[in-house]
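Residues take their numbers from the sequence shown, with the count starting at 1. Computed from a predicted model, the values in this text were never measured in an experiment. All ligand and atom numbering here is 1-based and tracks the order in the structure.
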Amino acid sequence: MNRRIGILISGRGSNMMALVERADGYDVALVASDKPDAPGLAWAKSRGIATFALSPKGIGKAGYEAQIDAALREAGVEIIALAGYMRLLSDDFVARWRGRIVNIHPSLLPRYKGLDTHARAIAAGDAVAGCSVHVVTEELDGGAVLGQAEVPIEPGDTPEILAARVLAAEHALYPRVLKEFVANERPNPA
Ligand code: GRF
């Protein structure tokens, strides 16, 4: 039986779209965002997918996360996929979903955790860049790597040009790795 996943986004949601369009072994039960005007939310709605939007402004992190958590559980979500979700999840939230949150990061982890990955790879003179899907733990971009894809860094690449090349690789990698992950992950007994 298909597993139910929830996708958290903050922006355009192109990885979320790739996960929806190439869903295999999972159903996207909810797309949620900390940005009510995230373009990806409108796209998900237009595809008939349940959405939930809540800004943390004025609520505080704990209250905000409690409501996201409740929305995910109400939707029957078993596994969370972060897709351009630009907020750090609290240790509490990560603990509640231990081993059941994955993320896509635009670098070949463990290199270039955090932001500005493409500029940093170019500045270092790297010949290859890429992306990683990893398990989310309390350590930023630090959980077990589930899969990676490499792309070349070409002479004259700007961070924007490289980002576009890596993004295309992300769209191919994430659905493939999530399919494997949901097939291997044990159903939640709770
Ligand atoms: C992607 O590069 C992803 O790796 C990073 O944030 C970006 C999100 O893009 N975490 P999108 O919203 O999926 O288009």
Side-chain angles (χ1 to χ4, degrees), residues 5-23 26 28 30-47 49 51-56 68 79-90 93-94 97 100-124 126 128-154 157-181:
I5 72 155
I7 306 178
L8 300 188
I9 65 169
S10 293
R12 69 190 161 184
S14 70
N15 276 289
M16 176 272 296
M17 295 172 195
L19 291 177
V20 167
E21 279 172 347
R22 295 187 42 215
Y26 61 85
V28 179
L30 186 72
V31 174
S33 180
D34 59 323
K35 297 264 192 314
D37 58 354
L41 274 182
W43 184 89
K45 263 185 212 153
S46 78
R47 300 289 295 246
I49 298 167
T51 61
F52 179 81
L54 179 69
S55 167
I68 293 276
I79 292 161
I80 300 173
L82 307 183
Y85 182 67
M86 298 306 288
R87 219 162 263 286
L88 278 180
L89 295 169
S90 69
F93 189 96
V94 171
W97 290 87
R100 294 188 292 133
I101 311 176
V102 297
N103 179 43
I104 185 145
H105 182 75
S107 79
L108 295 171
L109 292 171
R111 302 205 77 175
Y112 312 125
K113 296 175 179 178
L115 298 174
D116 298 324
T117 54
H118 307 303
R120 289 155 68 199
I122 291 169
D126 293 353
V128 287
C131 48
S132 308
V133 177
H134 66 93
V135 177
V136 172
T137 64
E138 288 81 354
E139 187 198 338
L140 177 68
D141 300 325
V145 172
L146 301 169
Q148 293 184 313
E150 291 187 358
V151 301
I153 300 183
E154 308 283 3
D157 269 358
T158 61
E160 292 72 27
I161 291 169
L162 179 57
R165 196 177 301 125
V166 172
L167 192 64
E170 292 180 38
H171 296 163
L173 180 72
Y174 208 176
R176 181 166 66 71
V177 174
L178 191 61
K179 176 188 175 182
E180 283 168 21
F181 183 77

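Residue I104 places a heavy atom under 4.0 Å from ligand 1.
Scanning both residues, L108 and A149, for their nearest heavy atoms gives CD2-O, 3.6 Å. Closest of all the heavy-atom pairs between V145 and S132 is CG1-CB, 4.5 Å. K35 approaches L41 most closely through the heavy-atom pair O-CD1, 3.7 Å.
Looking from atom 12 (O) of ligand 1 to the surrounding protein, the closest heavy atom is G13 N, 2.9 Å. Annotation: atom 9 (O) of ligand 1 to nearest protein heavy atom, R12 NH2, 3.2 Å. Of the protein's heavy atoms, E170 OE1, 2.7 Å lies nearest to atom 4 (O) of ligand 1.
Inclusion of A83 in the set of residues having an N or O under 3.5 Å from an N or O of ligand 1 is not warranted. Between H105 and ligand 1, not a single N/O pair is under 3.5 Å apart. Here's the thing with N15: one of its N/O atoms is less than 3.5 angstrom from an N/O atom of ligand 1.
For T117 and H105, the side-chain atoms include no donor-acceptor pair closer than 3.5 Å.
You'll find the side chain of V151 reaches within 4.5 Å of the side chain of L162, heavy atoms only. At least one side-chain heavy atom of E139 sits under 4.5 Å from a side-chain heavy atom of K113.
Selection from A163, G40, G84, A169 by nearest heavy atom to atom 7 (C) of ligand 1 gives G84. The option from S14, S10, A164 that lies nearest to atom 11 (P) of ligand 1, judged by heavy atoms, is S14.
Contacts of M86 with ligand 1, taken as heavy-atom pairs under 4.0 Å, are absent altogether.
R22 places a side-chain N or O within donor-acceptor distance of the main-chain N or O of H171, the cut-off being under 3.5 Å.
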